[in-house]
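Here's the structure we're looking at; comments come further down.
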Amino acid sequence: MSTERYFEDFSSGEIITLGPRIVEAGEIVEFASEFDPQPFHLDEEAGRKSLLGGLAASGWHTAALTMRMIYDAFLAQTASMGSPGITSVSWRRPVLAGDTLSGVAEVLETRRSSSRPQMGVVTFRITLANQKGETVMIQENPIFIGSREVPA
């Protein structure tokens with residue numbers, strides 16, 4: 001993929017649309033079987049009996065889906081240089097089999113790195129919702145993004 005966006009192209013307040021992405025029962029079970037094998041992530045009946053109300057994706061599965069949605073929406077065409085981590089993540093509602101996720105990535109802050117002038121740090125707040133408009137996850141994290149030009 002070609003790089004179309006650099007650090008200089010992001011500005012505070014910008015909103016980038018994510019999704020939509022349908023979450024299928026089979027992928028919930030597959031992810032949970034490997035990484036989070038709690039009953040409510042593996043079995044519809046166990047999920048219905050739990051406080052989650054149905055077969056529910058692991059929060060970590062939701063985070064992984066979010067990463068893919070971020071990549072598809074803008075990161076693939078960005079001079080991304082990685083991330084120092086996630087500042088915060090909050091799972092607000094369960095993601096159930098059949099839910100359609102969509103969301104927004106809001107640019108909270110941009111700042112040029114003082115120690116590495118070839119890049120800047122863009123901090124995003126990702127808000128993910130289901131098809132009912134209910135917020136299912138909020139995540140904040142900085143991403144290192146390469147600069148188009150290195151200041152003198």
Side-chain angles (χ1 to χ4, degrees), residues 1-7 9-111 113 116 119-146:
M1 300 231 152
S2 65
T3 300
E4 298 174 11
R5 295 195 74 183
Y6 294 86
F7 166 72
D9 300 322
F10 290 90
S11 58
S12 185
E14 178 183 356
I15 302 291
I16 302 166
T17 302
L18 308 176
R21 171 68 158 77
I22 298 171
V23 183
E24 302 289 345
E27 70 180 301
I28 290 173
V29 172
E30 182 178 356
F31 184 95
S33 294
E34 179 76 15
F35 301 107
D36 191 356
Q38 298 181 73
F40 41 78
H41 299 320
L42 295 170
D43 179 74
E44 179 69 41
E45 182 62 26
R48 269 197 302 279
K49 290 179 179 177
S50 77
L51 64 91
L52 301 177
L55 181 64
S58 166
W60 298 113
H61 185 191
T62 304
L65 291 169
T66 302
M67 183 64 225
R68 182 58 195 234
M69 292 167 72
I70 292 167
Y71 180 82
D72 290 344
F74 68 93
L75 204 59
Q77 292 84 35
T78 301
S80 172
M81 301 175 79
S83 173
I86 294 174
T87 308
S88 66
V89 64
S90 174
W91 295 298
R92 301 295 180 94
R93 299 186 73 82
V95 172
L96 301 175
D99 278 354
T100 299
L101 302 179
S102 59
V104 295
E106 178 185 0
V107 177
L108 297 180
E109 175 187 39
T110 63
R111 66 177 174 79
S113 172
R116 293 188 173 104
M119 70 178 201
V121 181
V122 180
T123 301
F124 293 89
R125 176 184 300 123
I126 311 300
T127 304
L128 206 61
N130 63 22
Q131 69 279 1
K132 297 175 187 174
E134 300 166 328
T135 299
V136 298
M137 191 181 88
I138 299 174
Q139 167 183 309
E140 290 188 13
N141 65 284
I143 298 176
F144 299 135
I145 298 178

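- Atoms OG and CD, from Ser58 and Glu34 in turn, are 12.0 Å apart once rounded to the nearest 0.5 Å.
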Arg92 and Ser90: side-chain hydrogen bond (donor to acceptor under 3.5 Å, both in side chains), yes or no, with the steps?
CA-CA 6 Å; Arg92 301 295 180 94; Ser90 174; 2.8 Å; yes
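- Taking the centre and axis of the six-membered ring of Phe74, the NZ or CZ atom of Arg5 falls outside the cone set by 45° and 6.0 Å.
- Two residues are said to be in side-chain contact when any heavy atoms from C-beta on lie closer than 4.5 Å; Leu18 and Ile126 meet this criterion.
- Contact between Ala25 and Leu55 at its shortest, heavy atoms only, is CB-CD2, 3.7 Å.
- More than 12 heavy atoms of other shown residues, nucleotides or ligands fall within 6.0 angstrom of atom CD in Glu134.
- For the atom pair Asp99 CG and Asn130 CG, the distance stands at 5.0 Å (nearest 0.5 Å).
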Could you go through the side chain to side chain contact (heavy atoms under 4.5 Å, CB included) check for Val107 and Val122 one step at a time?
CA-CA 7 Å; Val107 177; Val122 180; 3.8 Å; yes
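- Side-chain contact check for Met137 versus Thr66: some heavy-atom pair is nearer than 4.5 Å.
- Two residues are said to be in side-chain contact when any heavy atoms from C-beta on lie closer than 4.5 Å; Val104 and Arg125 fail this criterion.
- Counting only heavy atoms from C-beta outward, the side chains of Glu109 and Ser12 never approach each other to under 4.5 Å.
- Taking each heavy atom of Ala57 and Thr62 in turn, the nearest pair found is CB-OG1, 4.0 Å.
- Note: Glu14 CD to Phe124 CZ = 7.0 Å, rounded to the nearest 0.5 Å.
- Note that CD of Glu44 and NZ of Lys49 are 12.0 Å apart. Values are rounded to the nearest 0.5 Å.
- In the displayed structure, Arg48 atom CZ is contacted under 6.0 Å by more than 12 heavy atoms of other residues, nucleotides or ligands.
- Atom CD1 of Ile86 has more than 12 heavy atoms from other residues, nucleotides or ligands within 6.0 Å.
- Counting heavy atoms of neighbouring residues, nucleotides and ligands inside a 6.0 Å radius, atom CH2 of Trp91 exceeds 12 of them.
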Set out, in order, the CA-CA distance, both residues' side-chain angles and the distance that settles side chain to side chain contact (heavy atoms under 4.5 Å, CB included) for Ile28 and His61, then state yes or no.
CA-CA 8 Å; Ile28 290 173; His61 185 191; 4.2 Å; yes
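- Looking at heavy atoms from C-beta onward, Val121 lies out of side-chain contact with Phe7 at the 4.5 angstrom threshold.
- The minimum heavy-atom distance between Leu96 and Ala56, with the atom names listed, is CD2-CB, 3.9 Å.
- A distance-only check finds no donor-acceptor pair linking the side chain of Thr78 to the backbone of Ser80 [under 3.5 Å].
- For the atom pair CZ of Phe10 and CD1 of Ile145, the computed distance is 4.0 Å after rounding to the nearest 0.5 Å.
- At least one side-chain heavy atom of Glu140 sits under 4.5 Å from a side-chain heavy atom of Leu108.
- Between Leu65 and Leu101, the closest side-chain pair of non-hydrogen atoms falls below 4.5 Å.
- Under the 4.5 Å side-chain criterion, counting only non-hydrogen atoms from C-beta, Ile70 is in contact with Gln139.
- Salt bridge absent: Glu27 and Arg68 never bring a charged side-chain N and a carboxylate O closer than 4.0 Å.
- Looking at Ser50, its side chain does come within 3.5 Å of a backbone N or O of Leu52 through a donor-acceptor pair.
- Between Met69 and Leu128 the shortest heavy-atom distance is CE-CD1, 3.6 Å.
- The heavy-atom pair separating Pro37 from Ser33 by the smallest distance is CB-O, 4.4 Å.
- Contact record, Pro142 with Thr87: CD-OG1, 3.5 Å, taken as the closest heavy-atom pair.
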